[in-house]
Amino acid sequence: MSYSKIVGVGHCVPDQVITNDYLSSLMDTNDAWIVERTGIHERRWVDPTKDTVANLAARASLKALERAGIGVKEVDFIVFATITPDYYFPGSGVLLQRELGLEGIGALDIRNACSGFIYALSVADQFIKSGMYKTILVVGAEIQSTALDVTTRGRNTAVIFGDGAGAVVLRPSEKPGILSTHLHSDGRFAEELYVRDPGSSRPREERQPEQILDTTTYKVVMNGSQVFKHAVVRFTEVINEALVANQVTKDQISLLIPHQANLRISQFIQEKMGLQNEQVFNNIMHYGNTTAASIPIALSEAFEQGRVRENDLLCLAAFGSGFTWASALIRW
Ligand code: COA
């Protein structure tokens, strides 16, 4: 059997560090509240006059290609996960393809929010295994800061989300590789974490520019406690699903890289599954929740810190808007 394998990983975060104290100058919040409820100390925000989702993604992709020792021209497909594309359409996949000068190759966009990177990895894995493509860039990138409501009204989400990008290069391999991926959704909870507009289900009269007086429907709406409650159940479920599918135990996991939703969620999963500190990677303290970018950023940092070594067993897991949840078990 042939596999797909991650042969390079890279990330790129904007330079601008936004501390909790800075947010306290914009809205009624404080460092102690944010750290206690989310574990976040700071996050990165782009300079919107310079950065785009596609160029953050390009920088992460070039780093991943460099680490893989693969020339950019060898990339034959792009799978791009984001919920904050540069334009309403087209998706940012084609903009990344343009940034990298890869005229003519296919570019697919994935909109599965926090689970988006694992969905993207799963799609790319199938393309590699089927022999359709040989070198796929799988990217997660977000610019969320420009859409946040940074007044007290938006404080339950404004303090959580951040910007950044991560990418991996996927290639065929005789040795594993991606062992399995597991994807799930439950749309009954779609409105528990969502952005309403510009939604096509609005009547035409409401969508005319002169009618759009209420821009709050363009902001993130989140029922934090519902998200938390479902996340802790689904995360553990989908991690266990990956373990059972591959007949391995939790003790064999070298590193669990959970989507960086909230430090308390990660700690809850760690405790529930009985994992050691060295088995779980967290960097939400520095970047906040970067949605589809969080797993590849964390993977890239774990790699840089020497916490991902050859033959290690990695588990990626995510939960987010949709609700969607997913996992991937990987032999590095
Ligand atoms: N600073 C200070 N106070 C805040 C605040 C902020 N940034 N955001 C909300 N509050 C206030 C609320 O207004 C509320 O005040 P009240 O009691 O006077 O009404 C109080 O804090 C408690 O709010 P609540 O929403 O019940 O807090 P919580 O303990 O549930 O924590 C979250 C809120 C968002 C941190 C928490 O629900 C959470 O982590 N949920 C999961 C979110 C997540 O992971 N999202 C990403 C999914 S991919």
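Quick note: numbers below take in every heavy atom, side chains included, and nothing from hydrogens, waters or symmetry partners. Just follow the structure's listing: the first ligand is 1, and inside any ligand the first atom is 1. Keep in mind that this is a model prediction, so the values were computed, not measured.
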Evaluation steps, salt bridge (charged side-chain N to carboxylate O under 4.0 Å, His left out), between Lys63 and Glu304 = CA-CA 12 Å; Lys63 183 47 115 184; Glu304 286 172 359; over 6 Å; no
Heteroatom proximity flag, Ile265 to ligand 1, N/O under 3.5 Å = no
Check each of Arg37, Gln260, Met27, Lys229 against atom 31 (O) of ligand 1 and report the one with the nearest heavy atom.
-> Arg37
Considering only heavy atoms of Met222, which atoms of ligand 1 have at least one such atom less than 4.0 Å away?
-> 34 (C), 42 (C), 45 (N)
Ligand 1 versus Ile34, non-hydrogen atoms closer than 4.0 Å: side chain, backbone, both, neither?
-> neither
Numbering the atoms of ligand 1 from 1, which are under 4.0 Å from a heavy atom of Asn156?
-> 8 (N)
Considering only protein heavy atoms, determine whether one is less than 4.0 Å from atom 18 (O) of ligand 1.
-> no
May I ask whether Ile83 and Phe117 are part of the same hydrophobic cluster, defined by side-chain heavy atoms of I, L, V, M, F, W, Y residues being less than 4.5 angstrom apart, directly or through others?
-> no
So is His259 polar-close to ligand 1, meaning N/O to N/O under 3.5 Å?
-> no
Specify side chain, backbone, both or neither for Val159, according to which of its non-hydrogen atoms lie closer than 4.0 Å to ligand 1.
-> side chain
Just heavy atoms, cut-off under 4.0 Å: does Thr157 contact ligand 1 by side chain, backbone, both, or neither?
-> neither
Hey, is atom 1 (N) of ligand 1 touched by any protein heavy atom at less than 4.0 Å?
-> yes
Under 4.0 Å from a heavy atom of Val227: give me the atoms of ligand 1 that qualify, with their elements.
-> 43 (C), 45 (N), 47 (C)
Considering only heavy atoms, which of Glu192, Arg264, Gln226, Arg155 lies nearest to atom 7 (N) of ligand 1?
-> Arg155
Lys229/Glu192 ion pair, N-O < 4.0 Å | no
Polar contact flag for Asn30 and ligand 1 (N/O pairs, less than 3.5 Å) = no
Decide whether Gln270 and Asn277 meet the rule of one side-chain donor and one side-chain acceptor closer than 3.5 Å.
-> yes
Looking only at non-hydrogen atoms, the one of Ser24, Ala113, Ser225, Cys114 nearest atom 48 (S) of ligand 1 is Cys114
